[in-house]
Each structure stands twice: as C-alpha cells, then as structure tokens.
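Encoded as structure tokens, the structure appears first; notes follow it.
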Amino acid sequence: MQTSEQLSQITTSIGELATFSSSIASATEQQSAVADEITRNLHQMSSFANEGQERAGETVEVADGLTALAGELKTKINFFKI
C-alpha cells in the first residue's frame, strides 16, 4: 500500500469519525431536550397534584361545615316536634 493510499484511508476514517461525532452530538441534544420537557411536565404534574390536595382540603372543610349545619338544623327541627 502506498503512502498516498494510507493518507487517503486516514482522511476517510477521520471524516467518518467526524460524522459519527456529529450524530452523537445531535442525539445528545435531542435527549437533553426530551429530558428538559419531561422535567417541565413533572413540575406541572406536581403543581396540579398540590392544587388537587388544596382543593381536597377545602372540600373537607366545606363538608365539615355542612355537617355542623345539618346537626344544628336537626336540633332545631327536633325542638318543634311534638
């Protein structure tokens, strides 16, 4: 094999390595973008879960208030029973 052929093969190999490196860099960027989107979605889900928990607490408070009112109403109705 002549020196020029060897240099040509080395140049070709370097070009292939550059292409592979570029492909890896592109895939890494895509994976990073997906990871960022997943992180944003998880934060949003966490926010929704927290809001749901707050609403559930409010619902329990309202239900407790209604239970108290129902008890008061029952007491007042029993006052008028013969």
Side-chain angles (χ1 to χ4, degrees):
M1 191 182 269
Q2 294 181 346
T3 305
S4 63
E5 289 177 15
Q6 290 174 340
L7 287 174
S8 177
Q9 286 180 344
I10 291 171
T11 303
T12 301
S13 295
I14 290 172
E16 290 173 355
L17 287 174
T19 301
F20 290 144
S21 293
S22 178
S23 294
I24 291 170
S26 177
T28 301
E29 287 178 21
Q30 290 173 355
Q31 288 177 346
S32 178
V34 169
D36 289 343
E37 186 174 346
I38 289 170
T39 299
R40 281 191 303 276
N41 289 339
L42 288 173
H43 284 298
Q44 188 175 25
M45 288 171 58
S46 177
S47 176
F48 289 153
N50 288 336
E51 288 179 27
Q53 184 178 8
E54 289 176 18
R55 301 291 185 258
E58 293 170 2
T59 301
V60 168
E61 289 176 15
V62 170
D64 288 344
L66 288 173
T67 300
L69 286 174
E72 291 175 23
L73 184 59
K74 183 178 180 181
T75 301
K76 290 178 181 181
I77 289 173
N78 285 337
F79 178 78
F80 290 106
K81 284 187 178 178
I82 300 178

Residues in salt bridge (charged side-chain N to carboxylate O under 4.0 Å, His left out) contact with Arg55, at least two apart in sequence or another chain: Glu58
Any Ile77 side-chain heavy atom under 4.5 Å of Leu73 side chain: yes
Got a list of side-chain donor-acceptor pairs under 3.5 Å for residues 21-42, not counting sequence neighbours?
from, atom 1, to, atom 2, distance (Å)
Ser21, OG, Leu17, O, 3.0
Ser23, OG, Thr19, O, 3.1
Thr28, OG1, Ile24, O, 2.8
Thr39, OG1, Ala35, O, 2.9
Asn41, ND2, Glu37, O, 3.4

